[in-house]
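The figures that follow rest on heavy atoms only: side chains count, while hydrogens, waters and symmetry mates do not. Along the sequence shown, residues carry numbers from 1.
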Amino acid sequence: MIKEIKHPIIQNKLTLLRRKDTPSKDFRDAVEEIATFLTYEVARDFGLREIEIETPLTRCNSKILADDFIIVPILRAGLAMVNGALKIFPDAAVGHIGLVRDENTHTPIEYYKKLPPNIAGKKVLVVDPMLATGGSSAAALQMLKDSGAKDIIFICIISAPEGINLITREHPDIPIYTAAIDDHLNENCYIVPGLGDAGDRIFGTL
């Protein structure tokens, strides 16, 4: 399943990300804010369970989220989305997967993995601002499956058709939520029109 979230607030902030003269601080803030809105939309259909609570007046049955959650950013750019997602799921555990793209072959190279225990019984939200070729994302998703994860959702801000096609081919069971599906990848595997290198713009390493 591919779901493009076209909420007006998200689209407004997306324009800020696309502008080449947006400062790193404003860029980081917008990434975090979009992550909050996207995570909210992702949670729209999550299950609930009923518990008994005590109000100031009486006892009653009320509802809470049925699942436990793990947020997993793909390093390094995914880090900027974590706090935004935690605003929706403040009790979520946070894992980390580190992948770097070989600039010549454009294939992902793993350099770090740290995941919470008991991942199999939890809903895992993988966050990364960009879904370009899909190589790193597909590798991260496979790493999670190999670690026991069974309920995974991928959340990105901007995606390319090439990356979407790879994920849906290799991981047809994993839904993708994105704020924008852009036109294509250029010869350097950057998303067009895109926003440039998300990691460099987030951390000011241009």
Spacing of [atom1] belonging to [X] relative to [atom2] belonging to [Y], to within rounding of 0.5 Å:
X	Y	atom1	atom2	value
Glu50	Ser62	CD	OG	8.0 Å
Ile2	Tyr177	CD1	OH	10.5 Å
Leu79	Asp128	CG	CG	10.0 Å
Glu33	Leu14	CD	CG	12.5 Å
Met143	Lys113	CE	NZ	5.0 Å
Asp182	Glu162	CG	CD	10.5 Å

- request: Go through Lys123 and Asp151 one step at a time and tell me if the salt bridge (Lys or Arg N to Asp or Glu O under 4.0 Å) criterion holds.
  value: CA-CA 5 Å; Lys123 193 177 290 290; Asp151 189 355; 2.8 Å; yes
Would you call [X] and [Y] a side-chain contact if the rule is heavy atoms closer than 4.5 Å?
X	Y	result
Pro129	Ile202	yes
Met81	Ile34	no
Ile191	Leu185	yes
Lys25	Asp29	yes
Ile9	Phe37	yes
Leu17	Phe27	yes
His171	Phe154	no
Ile70	Leu115	no

Give a yes or no on whether [X] and [Y] share a hydrophobic cluster (residues Ile, Leu, Val, Met, Phe, Trp, Tyr; joining criterion: side-chain heavy atoms under 4.5 Å apart).
X	Y	answer
Val94	Leu65	yes
Ile174	Val124	yes
Leu16	Ile10	no
Met130	Ile157	yes
Ile152	Ile71	no

Test item: Glu41 side-chain N/O and Ile5 main-chain N/O as donor-acceptor pair under 3.5 Å: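 Flag not set: sc Glu41 to bb Ile5 has no pair under 3.5 Å.
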- prompt: Within the distance-only criterion (no hydrogens, no angle test), does the side chain of Arg201 pair as donor or acceptor with the backbone N or O of Ser24 below 3.5 angstrom?
  reply: no
Can you name the closest pair of heavy atoms from [X] and [Y] and give their distance?
X	Y	value
Ile164	Ser159	CD1-OG, 3.6 Å
Ser137	Leu131	OG-CD1, 3.5 Å
Pro108	Gly135	CG-O, 3.5 Å

query: Does atom OH of Tyr40 have more than 12 heavy-atom neighbours, drawn from other residues, nucleotides or ligands, at distances under 6.0 Å?
result: no
- line: So salt bridge (Lys or Arg N to Asp or Glu O under 4.0 Å) across residues 135-145, not counting sequence neighbours, yields Lys145-Asp173
task: Decide yes or no on salt bridge (Lys or Arg N to Asp or Glu O under 4.0 Å) for Asp200 and Arg76, but give the supporting numbers first.
output: CA-CA 10 Å; Asp200 283 339; Arg76 64 181 168 145; 2.7 Å; yes
- line: ring pair (Phe, Tyr, Trp, His ring centres under 6.0 Å) filter on Phe69, not counting sequence neighbours, yields Phe46, Phe89
